2 protein chains.
Amino acid sequence: MAVNLDSTDWSILGELQRDGRVPLTELARRVSLSASAVTDRVRRLETEGVITGYRAEVDLAAVGFAVLAMVRLKYPGSRHEPLHRLLEERSEILECLRTTGEDCYTLKVAATSMRHLERIVDELAGFGSTTTNIVYSQTLPYRGPQASCG
Amino acid sequence: MAVNLDSTDWSILGELQRDGRVPLTELARRVSLSASAVTDRVRRLETEGVITGYRAEVDLAAVGFAVLAMVRLKYPGSRHEPLHRLLEERSEILECLRTTGEDCYTLKVAATSMRHLERIVDELAGFGSTTTNIVYSQTLPYRGPQASCG
DNA sequence: CCTGAAAATCGCAGTCG
DNA sequence: CGACTGCGATTTTCAGG
């Protein structure tokens with residue numbers, strides 16, 4: 001599952017995580033490589049599954065989702081299909097992590113209002129007991145994985 | 001803070017969230033617009049702060065971060081600077097949300113091993129009591145905000 | 001929001017160390 | 001085998017309508 005990356009690969013990943021739309025020629029300049037060499041490496045990172053995609057990052061508040069919340073769900077039993085169906089349908093659920101601990105699921109939910117959030121939490125409460133925390137702020141700008149050693 | 005978006009804007013956001021590197025000409029085809037019109041709209045979404053950036057999405061396991069965890073931190077007192085300093089330094093902390101509730105901070109931490117995670121949690125425990133949940137799996141593929149109404 | 005032309009970039013050969 | 005060069009096709013950018 002793990003791929004061997006040299007420091008050039010990490011530089012490329014750093015640049016593409018900062019600016020995913022940078023042209024390959026400019027990227028080549030930044031990591032001191034030729035355009036074709038950098039293209040080869042990027043393609044390799046993509047096919048090896050290191051880079052899983054490119055995403056525009058959208059400001060939630062700017063598009064009307066004024067409320068962000070973390071909801072933890074205690075889910076008794078093992079029939080997970082009904083929950084998964086809800087996850088598919090409710091696009092307000094941005095992320096769903098299955099974790100260890102009593103609260104088996106941790107969800108990130110974006111809502112337009114508290115009333116809207118309440119409705120979603122009510123739906124989730126049908127599956128088990130929920131704990132909801134409203135997010136005041138994101139205290140870190142975006143950050144992806146960086147080189148672990150040096 | 002909120003911007004008015006028509007359905008074409010939402011289509012553009014959808015495409016760019018799915019494939020952030022799609023050429024503007026291809027994007028124009030997909031939303032049935034000319035290249036220059038779609039370029040204008042994309043630039044507008046960027047300058048208005050709707051699109052905050054473009055990111056390559058990197059597979060954590062593929063680059064050696066075998067362990068992902070959610071750590072909640074109960075933080076007594078109000079001097080937050082020392083914690084913020086740690087957040088800057090420890091690049092393994094991918095995300096940090098300040099929330100309501102007893103656990104004022106919710107952090108997403110990527111580690112190369114349980115031993116590595118333990119070291120980071122120990123650092124965090126210097127600030128307050130922590131609750132750690134290891135992530136088994138991400139049960140949703142990437143998903144950003146989508147049109148709320150119609 | 002569209003057209004159109006110039007400049008930059010991309011993708012694919014072939015070639016070198 | 002990984003990195004560089006050259007050329008045609010595509011894309012980006014910017015003018016004007």
Side-chain angles (χ1 to χ4, degrees), chain A residues 1-59 62-64 142 144-150, chain B residues 2-59 61-64 142 144-150:
Chain A
M1 202 61 189
V3 173
N4 240 8
L5 302 176
D6 63 19
S7 65
T8 304
D9 289 324
W10 277 111
S11 299
I12 291 172
L13 290 179
E15 290 297 330
L16 287 178
Q17 286 185 95
R18 258 194 336 108
D19 178 10
R21 265 183 95 84
V22 62
L24 294 174
T25 52
E26 170 62 19
L27 178 59
R29 273 189 287 276
R30 293 191 196 163
V31 302
S32 306
L33 237 58
S34 77
S36 62
V38 95
T39 305
D40 285 349
R41 278 175 181 262
V42 171
R43 295 286 171 268
R44 188 177 61 79
L45 292 169
E46 289 169 357
T47 59
E48 288 182 336
V50 174
I51 296 175
T52 56
Y54 301 89
R55 316 280 177 202
E57 193 179 67
V58 173
D59 185 298
V63 297
Y142 173 86
Q146 296 177 28
S148 32
C149 43
Chain B
V3 173
N4 239 8
L5 303 175
D6 64 19
S7 64
T8 304
D9 289 323
W10 277 111
S11 299
I12 291 172
L13 290 179
E15 291 297 329
L16 287 177
Q17 288 185 96
R18 259 194 334 109
D19 177 9
R21 263 182 98 83
V22 63
L24 295 172
T25 53
E26 170 62 19
L27 179 59
R29 272 189 288 275
R30 293 192 196 163
V31 303
S32 307
L33 237 57
S34 75
S36 60
V38 95
T39 305
D40 285 349
R41 277 176 182 261
V42 171
R43 295 287 171 267
R44 201 193 93 235
L45 291 169
E46 289 168 358
T47 58
E48 287 182 337
V50 174
I51 296 176
T52 56
Y54 300 89
R55 317 281 177 201
E57 195 179 66
V58 173
D59 185 298
V63 297
Y142 173 87
Q146 295 176 28
S148 33
C149 43

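For clarity, every value in this text was computed on a predicted model and none was experimentally measured. Letters A, B, ... are given to chains in the order of the sequence lines, protein chains preceding strands, and every chain is numbered from 1.
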### Query
Step by step, would you call B/Asp19 with A/Arg55 a salt bridge (charged side-chain N to carboxylate O under 4.0 Å, His left out)?
CA-CA 6 Å; B/Asp19 177 9; A/Arg55 316 280 177 202; over 6 Å; no
### Query
Do the side chains of A/Asn4 and A/Glu48 get nearer than 4.5 Å, heavy atoms only?
no
### Euclidean distance, atom CG of residue B/Leu33 to atom P of D/dT12 [Å, nearest integer]
14 Å
#### Entry: Interatomic distance where CD belongs to A/Glu46 and C1' belongs to C/dG11 [whole Å]
14 Å
### Query
Any luck finding a side-chain donor-acceptor pair between A/Gln17 and B/Tyr54 under 3.5 Å?
no
## Note on the structure
Looking only at D/dA3, C/dG11, D/dT12, the nucleotide nearest the A/Arg43 side chain is C/dG11
## Note on the structure
In whole angstroms, the gap separating C1' of D/dG17 from CG of B/Asp40 amounts to 14 Å
### Query
Between C/dC2, C/dC10, D/dT12, which nucleotide gets closest to the side-chain atoms of A/Thr25?
C/dC10
### Query
Roughly, in whole Å, what's the span from CZ in A/Arg30 to C1' in C/dT9?
15 Å
### Task
Go through the steps to decide whether B/Val63 and A/Trp10 satisfy the test side chain to side chain contact (heavy atoms under 4.5 Å, CB included), and finish with yes or no.
CA-CA 9 Å; B/Val63 297; A/Trp10 277 111; 3.7 Å; yes
### Closest to side chain of B/Arg21, choosing from D/dT11, C/dC10, D/dT13
C/dC10
#### Entry: Selection from C/dG11, C/dC2, C/dT9 that lies nearest to any side-chain heavy atom of B/Ser34
C/dC2
### Task
Kindly point out which of D/dT11, D/dC4, C/dT3 is positioned nearest to the side chain of A/Ser36?
D/dC4
### Query
Looking for any heavy atom pair under 4.0 Å, which part of the strands does A/Arg29 touch: base, sugar-phosphate only, or nothing?
sugar-phosphate
#### Entry: A/Leu24, nearest nucleotide to its side chain (from C/dC2, C/dG11, D/dT11)
C/dG11
### Task
May I ask you to evaluate whether A/Arg41 reaches the phosphate of D/dC1, defined as a side-chain N or O under 4.0 Å from OP1 or OP2?
no
